[in-house]
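Notes to accompany the following structure.
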Amino acid sequence: MRTGTLGPDERAEALAAMAERELDILVVGGGVVGAGTALDAVTRGLSTGLVEARDWASGTSSRSSKLIHGGLRYLEMLDFALVREALKERGLLLERLAPHLVKPVPFLYPLQHAGWERLYAGAGVALYDGMAMARGHGRGLPTHRHLSRRHALRVAPCLRKDALVGALQYYDAQMDDARFVLDLVRTASSYGAKVANGARVTGFIREGERVVGAMVTDVENGGEYEVRAKQVVNATGVWTDDTQAMVGERGQFHVRASKGVHLVVPKDRINSSTGLILRTEKSVLFVIPWGRHWIVGTTDTEWDLDKAHPAASSADIDYVLEHVNSVLAVPLSRDDVEGVYAGLRPLLAGESDATSKLSREHTVAHPVPGLVVVAGGKYTTYRIMAKDAVDEAVRGLSQRVADCVTEEVPLLGAEGYQALWNARARTAARTGLHVVRIEHLLNRYGTLTDELLHLIAEAPSLGEPLRYADDYLRAEIVYAATHESAHHLDDILTRRTRISIETFDRGTRSARECAELVAPVLGWDQERIDNEVAHYEMRVEAERESQRQPDDLTADAARLGAPDIVQG
């Protein structure tokens, strides 16, 4: 079985190997598009490298609504092609590529007008389901249904009686976005891609007009590497313009950032057996089931401040609470909010009429020989973006290259997942873990769960839950360092787990326990443990302070009060 282990040794070997001989493809950017591009390239038989300046998915790709969806609202814009494409990808992920990570989730759409709205919205949802079934990828999800007000209130007792006259219920899918990216990276590595996070591109290497590689700085351990490649793919999302500036060439389009803020609240604060989708004056607001929590969001505002740490202001939080409370019988307050996170959507803004309307569409360009740029798009269609980027890069190679095969390449943990799920009771009996714990592991690691169970068999104390975040086992923290290329406490509490948004203390009470668990793996002494804990606590306090500020400018200034633990 492929495992794609990414520990400290594997990272060092990958950086050395990238510098040793010329690659076919070097991908810059470790979000979902960059990781998908690396997987696409390596599974076509191309020698491939992937570098990320910070941590995998540390930008947009860990701060989304965590939905895999066709984009129901794009039907209203008559963007049938985008919806059709996204629905196909949703089906592939649910059924074949990542069934351990991507799960069905129901949504209730309250109707506020009798008659015409049910016809209008119902026709849209029926078309949505019909398009999914027509593509042959609608299996596994129930079709929509119409509900009376009484039935809707039974399904979602949290709703105010005067907030609806009836409802529609339909299904989409959700995943842990950061974990999904990590699985993409590990899958690419298992097929031979050389991958390294904490590896920042500081400049491109040029021979005449042509880009022939990049200078890469090891942010974690020091040292600089000259990585040569026949084609370089810039997949840096909201940093696209910054990365392009290193080439000194004017791009064919620009990427601007739109900020989306989400709140996390405990499950018992909203009494509902289904997610909710609400229309606002600007967009839509989701209430999304998330384990023992709800995710509520999102906002949509322009952001031109710090890209690495977008800050949620007090105004953002008030906006989300005001809109969700407009339909809740028992309103949410600030005290109900466990976690807050802000992410940036990369939206395309063209320099001409032809590109000014691109918005959530993606585009691929070849601005100078040897450099391909891919930008825009949405999480669900990452695989199509990756395919288009590699197709473009292949045009610059003087060799015959196979077509894209990622439609048939399951992510690590997917193959055999259903069989292990069916045997979960036996696994629980064999290991002594409660069946709920086994289900938790299977839905995060799929068939790689065996690797965690092996850790627990060798050190039974790792089978215990974390003291202040008991959804997670101690083994998961160690595994993050041994197998999942976590280098810092923030990587573990924010992306390998979601403790930073799932506990009222934002992970500060778990910080020291986690640091002590990974210290032997990462070679930390007591001073380093103390330093990691202190930096994490500073980060949490800076975020809390930013969320007390009235606007973006003051929130950004407050958030930047906590420096990154590594200054690259």
Side-chain angles (χ1 to χ4, degrees), residues 23-50 57 60-61 68-71 79 81-98 102 135-137 175 180-181 183-193 195 229-237 240 252-253 255 346 348 358 360-367 370-397 399-412 414:
L23 300 166
D24 291 323
I25 304 284
L26 172 65
V27 183
V28 182
V32 70
V33 176
T37 300
L39 178 59
D40 187 294
V42 76
T43 53
R44 297 194 198 200
L46 298 169
S47 61
T48 303
L50 171 65
T60 303
S61 295
I68 294 291
H69 62 114
D79 197 343
L82 181 62
V83 175
R84 189 179 299 113
E85 182 178 78
L87 286 172
K88 176 187 175 182
E89 295 305 307
R90 185 190 72 177
L92 283 170
L93 290 165
L94 276 164
E95 298 162 19
R96 182 188 305 162
L97 303 184
V102 181
R135 299 291 291 182
H137 292 288
M175 47 70 218
F180 187 92
V181 173
D183 268 21
L184 276 174
V185 173
R186 292 185 65 188
T187 306
S189 174
S190 77
Y191 281 100
V195 305
K230 296 172 186 173
Q231 292 285 313
V232 178
V233 178
N234 175 6
T236 52
T240 298
Q252 297 169 332
F253 54 85
V255 175
L348 292 174
L358 288 169
R360 292 315 294 274
E361 300 282 351
H362 74 270
T363 195
V364 174
H366 218 140
L371 180 66
V372 171
V373 186
V374 55
K378 56 202 289 284
Y379 201 112
T380 303
T381 56
Y382 80 90
R383 197 187 64 81
I384 302 300
M385 296 175 68
K387 172 186 178 298
D388 290 350
V390 178
D391 283 346
E392 184 63 33
V394 162
R395 292 193 182 97
L397 299 178
Q399 63 196 80
R400 185 175 177 83
V401 178
D403 291 337
C404 172
V405 296
T406 52
E407 193 170 316
E408 305 292 336
V409 178
L411 300 196
L412 283 178

Worked check of side-chain contact (heavy atoms from CB on, under 4.5 Å) between D391 and K387: CA-CA 6 Å; D391 283 346; K387 172 186 178 298; 3.0 Å; yes
Quick check for you: to the nearest 0.5 Å, what is the distance between [X] atom [atom1] and [Y] atom [atom2]?
X	Y	atom1	atom2	value
T406	R383	OG1	CZ	4.0 Å
E85	H362	CD	NE2	6.5 Å
E95	R90	CD	CZ	9.5 Å

Does the side chain of [Y] come within less than 4.5 Å of [X]'s, by heavy atoms?
X	Y	result
I68	F180	no
V374	E392	no
V390	C404	no

Can you see which heavy atom on [X] is nearest to which on [Y], and at what distance?
X	Y	answer
V372	A389	CG1-O, 3.9 Å
L371	H366	O-CD2, 3.0 Å
L93	Y382	CD2-OH, 4.0 Å
A41	T48	CB-OG1, 3.5 Å
K230	Q399	NZ-OE1, 3.3 Å
V409	L97	O-CD2, 3.6 Å

Partners meeting salt bridge (charged side-chain N to carboxylate O under 4.0 Å, His left out) with R400 (sequence neighbours left out): none
Exam field: side chain S47 to backbone D24, donor-acceptor pair closer than 3.5 Å: yes
Side-chain (T381) to main-chain (A86) donor-acceptor, under 3.5 angstrom: no
Residues which pass side-chain hydrogen bond (donor to acceptor under 3.5 Å, both in side chains) with T240, listed by chain and number, not counting sequence neighbours: none
Side-chain ion pair, K88 and E407, N-O less than 4.0 Å: yes
Would you list the atom pairs, donor with acceptor, under 3.5 Å between side chains in residues 25-39 and any protein atom, with sequence neighbours excluded?
from : atom 1 : to  : atom 2 : distance (Å)
T37  : OG1    : V33 : O      : 2.7

Intermediate values then yes/no, side-chain contact (heavy atoms from CB on, under 4.5 Å), L46 and L397: CA-CA 10 Å; L46 298 169; L397 299 178; 3.8 Å; yes
